[in-house]
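Notes to accompany the following structure.
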Amino acid sequence: LVCLCLHPGAGQDVGRSCILVSIAGKNVMLDCGMHMGYNDDRRFPDFSYITQNGRLTDFLDCVIISHFHLDHCGALPYFSEMVGYDGPIYMTHPTKAICPILLEDYRKITVDKKGETNFFTSQMIKDCMKKVVAVHLHQTVQVDEELEIKAYYAGHVLGAAMFQIKVGCESVVYTGDYNMTPDRHLGAAWIDKCRPDLLISESTYATTIRDSKRCRERDFLKKVHETVERGGKVLIPVFALGRAQELCILLETFWERMNLKAPIYFSTGLTEKANHYYKLFITWTNQKIRKTFVQRNMFEFKHIKAFDRAFADNPGPMVVFATPGMLHAGQSLQIFRKWAGNEKNMVIMPGYCVQGTVGHKILSGQRKLEMEGRQILEVKMQVEYMSFSAHADAKGIMQLIRQAEPRNVLLVHGEAKKMEFLKQKIEQEFHVNCYMPANGETTTIFTNPSIPVDISLGLLKRETAIGLLPDAKKPKLMHGTLIMKDNSFRLVSPEQALKELGLAEHQLRFTCRVHIQDPRKEHETVLRVYNHLKGVLKDYSVQHLPDGSITVESILIQATAHSEDQGTKVLLVSWTYQDEELGSYLTSLLKKGLPQSTA
Amino acid sequence: FFQYCLSGHPTLPCNVLKFKSTTIMLDCGLDMTSTLNFLPMPLVQSPRLSKLPGWVLKDGSTFLDKELKECSGHVFVDSVPEFCLPETELLDLSTVDVILISNYHCMMALPYITEYTGFTGTVYATEPTVQIGRLLMEELVNSIERVPKAQSASMWKNKEVQRLLPAPLKDAVEVSMWRKCYTMPEVNAALSKIQLVGYSQKIELFGAVQVTPLSSGYALGSSNWIIQSHYEKVSYVSGSSLLTTHPQPMDQASLKNSDVLILTGLTQIPTANPDGMVGEFCSNLAMTVRNGGNVLVPCYPSGVIYDLLECLYQYIDSAGLSNVPFYFISPVANSSLEFSQIFAEWLCHNKQTKVYLPEPPFPHAELIQTNKLKHYPSIHGDFSNDFKQPCVVFTGHPSLRFGDVVHFMELWGKSSLNTVIFTEPDFSYLDALAPYQPLAMKCVYCPIDTRLNFIQVSKLLKEVQPLHVVCPEQYTQPPPTQSHRTDLMIDCQPPPMSYRRAEVLTLPYKRRYEKIEIMPEVSN
């Protein structure tokens, strides 16, 4: 039985991810994201939903972080240090390496630049990271004796992973954000046919079936090229790690091929550091980069240089990658304000923007923005949106479902209308239930797990030896006694069970009367029955005993004449409970009557 | 349950386990000590080696003088060097379902198994094991193929003839199993059959058996394996280390509750303390260089060399060696140095922490950046222009029979100023040096073998308490040269079951239960 509760943020609103799963008595929190669109309490999930009284550490068995984007891990120090959680937090090595840097970066923008208080400190980020346990891909991590988790490659950003959570026979797969098509620096998400009871999938691009990546890239390069040619400046707001590297590789090769001279800059001190991470964690990138890294490291750029704030006012064309990606704060927003008034310039949004951010506003067509201090900023520069975020599109989501073969699907991290469409498609194609709960809504899914038991080897051998040849393709009924003791289930032979439990054996015997029309003498009837059974039951030992009775294995058959009707003989069939199968088969066989004597 | 023992070499094992109707090969090590019987292959024409007299039998017959040469009072085979393969006749190797590899040294026979026996199964290994294993194979193939030798000697292998030869050729075992080196296409084909696995990953084989690699602490990506069904557990321990060097520490806890523990790959030099040896290595190196001599370190292109470079990194400034060039010469030198930096997840905690900063985990990155360490694919090309003496050269192969090391032995052997320091424990250094005698050069033996010693083994066995221990026969008696050292053998209760090459063991199991599942309908 899987019960699932969603936190405000995720589920039908691409904002922040934080999902609570209860599976077979274990509680696991998936991701701990923050909402980029808010500057108040609403930016963090409301953890009082998890438990009103009592400590989170007592209630949660573990926390899993899928990747380093802040909408998936931004609330982690708040959660662990300010609300209070001391249990294990799991993430992959690259996530563990990069996550604290982004958190610190975000903290600086919020506290040092905007002067907000009541926010986590640098020390809290450090203390929080001490609780993190790094996991390998495909490693089975035993959280406790019953709960195990396993990471799969997700291909969304460096170190992004999908997680399988398993307790006994029940399991859930949480995808985090994932991408099913390999790109210039990452590979495609992959999962084995693990048949989870529930697949929790993101659905950011639920309805988009994106045109070929090649077209998108060509389009992007064309726009950048044209702007630069006419002397304009191009601003590309990105997050320091992720799409940034993908687009840098793209521009680097283009600049090289076209022999362009306009400068490309990458803002913030993170750049070099970021590229170092990519070099050191190169095993997490795609096959091609991994194969050639000894000869040529794709993350050593020739044309892309570090940005200085003063460069923004330089005359002439340039391309600048600046953080953060949704234009909600920091350097990208500063540059945007400087360049927005000139129609020669262009801003290219390469990813999704959360509601409330400047990015979201300009993408939805707003051209007059109210900035801090009631100042109005008129946007004259060209605004382009190009989806380069590495999320799975509808085709990709369907592909993942095909790979994993879940029994139920739950969609999160998407917009309601689009999710509805995808939900129908999934239900039609895979005939599984598909859920799309709203924020704060609890979804309960009933599972039907098999019960694992230990069978004694003697019993197993005896039971498989009985009867016709074993056929691997057909189910076989086995008999045994189930002993339930100290949370363990054992299937043993009745004799062993009696011995172990010190019980006396009682025998249960069935006797059945079968009437047969046969005017002959009793012993002749018996002989006919004997010949008939011997003919039909070739693999059984059928015996005619001197006292006039017949035995088939341990089943006894006796014939007497009917007290009132001499033409009817009564066959008494008697068997023990253990021979129920053969006994009832014999009875029904005899009820059909005897074949006409051929003798 | 049976174990077929295909290799007699305790640190280069090759065993096949029949377990619950699956056939599992554990490692396929290649015994390269056979190459010591061959003449070195010089990269540059060597007047000394090309003018050796042919060997003449006592009765004066000369029919072997093309195949066998006399050199420094020993007789060597003048032919392409050959390696001793694991047993291929003991069972039909095409029936092997899977091969489990524990570390890159124990996979060198893989192409012989996967490409010549009709093998159709899957090989499992960790990513560093495969990547570094590929480098070792590449270096091996390269160093043998770049010195084409027309002759391939086979007459001496005839049993009747071999009887007449002087030792050690007379006593060489299984010479009929000796084979020439494989080729790069065969290496690539073999490696393409490998499926990558991570530590603690549970891999289901046909729904009957589950295998899991565990960190063994010996090398990058090195693993021990758990082979289990619901009620039987076999632990395969091969090449493990409890010392803190660069790899992730050994996972001991998961070895508990084994019915059978197969123990291979212990230290080959149980009397040497690796830390002490490293110290001796550094001081000998410094002394030689200070006196104006050169230092030659015959080594593999990966493994202990990373630790040596790290020690030297800390040592050179204090020892006043900052101006001495260090050369690392191997066709895979660059790849090996680069690869070592990208396996953060397989490294010890300290190195992992460095990657999080993000800094390269090994300090040889800095040695390269500051030009203190230079690497070259071979002695030809750039190296000959940059070469300055006195210097320190790391190069292969440790057998001194092929690779760039042969050139330096010929070049530096005549001067007593120079030193050759042996750090790899796989070859007897005296046998390795035999064809170069008499030598004026100093020889220092500092074998660094970080694998388990007998004290650690007995502690480990007490800790994990397996019901039965299975090991090569060499571990059940003191070493032949130190027969009084009864502490240099495995001591456990019940005594270990031992095996030798070409033997089949029946492994003891007592199984009483099996796992089944009851349908939920029945339980209602």
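Letters A, B, ... are given to chains in the order of the sequence lines, protein chains preceding strands, and every chain is numbered from 1. What you are looking at is a predicted structure, and each value in this text was computed from that prediction instead of being measured.
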Name all residues meeting the ring-ring contact (aromatic ring centres under 6.0 Å, His included) criterion together with B/Tyr306; count only those two or more places apart in sequence or in a different chain, and write none if there are none.
-> B/His246, B/Phe362, B/His364
Looking only at heavy atoms, which two atoms of A/Val294 and B/Ser335 are closest? And how far apart?
-> CG1-OG, 3.7 Å
Per-residue contact mode, A/Ile98 against chain B (heavy atom under 4.5 angstrom) = neither
Looking at side-chain heavy atoms only, is the closest gap between A/Arg290 and B/Gln131 below 4.5 Å?
-> no
Can you say whether B/Leu357 sits under 4.5 Å from chain A via the side chain, the backbone, both, or neither, judging by heavy atoms?
-> backbone
Of the listed residues (B/Ala344, B/Pro213, B/Ser200, B/Gly198), which shares the most heavy-atom pairs with chain A below a 4.5 Å separation?
-> B/Ser200
Residue part contacting chain B, namely of A/Val492, when any heavy atom lies under 4.5 Å = side chain
With only heavy atoms counted, which part of A/Ile455 is less than 4.5 Å from chain B, the side chain, the backbone, both or neither?
-> both
Can you tell which part of A/Gln142 gets under 4.5 Å to a heavy atom of chain B, answering side chain, backbone, both or neither?
-> side chain
Go through the atoms of B/Gln352 and report whether side chain, backbone, both or neither lie under 4.5 Å from a heavy atom of chain A.
-> side chain
Between A/Gln139, A/Arg490, A/His93, A/Gln295, which has the largest tally of heavy atom pairs under 4.5 Å with chain B?
-> A/His93
Applying side-chain contact (heavy atoms from CB on, under 4.5 Å), run through B/Lys515 and A/Asp454 and close with a yes or a no.
-> CA-CA 5 Å; B/Lys515 201 71 143 188; A/Asp454 295 338; 3.1 Å; yes
From the list A/Phe281, A/Phe293, A/Trp284, the residue making the most non-hydrogen contacts under 4.5 Å with chain B is A/Phe293
Under 4.5 Å from any heavy atom of chain A - which part of B/Phe339 = both
Counting N and O atoms only, with roles assigned by atom type, does the side chain of A/Tyr277 sit under 3.5 Å from a partner on the main chain of B/Val355, one being a donor and the other an acceptor?
-> no
How far apart are the closest heavy atoms of B/Glu345 and A/Thr283, and which atoms are they?
-> OE1-OG1, 3.9 Å
Can you tell me how far the OG1 atom of A/Thr140 sits from the OH atom of B/Tyr199, to the nearest 0.5 Å?
-> 15.5 Å
From A/Lys279 atom NZ to B/Gln341 atom CD, the distance as rounded to the nearest 0.5 Å = 11.5 Å
Shortest non-hydrogen contact between B/Pro360 and A/Leu280, atoms and distance = CA-CD2, 3.9 Å
Heavy-atom distance under 4.5 Å to chain A: side chain of B/Glu204, backbone, both or neither?
-> neither
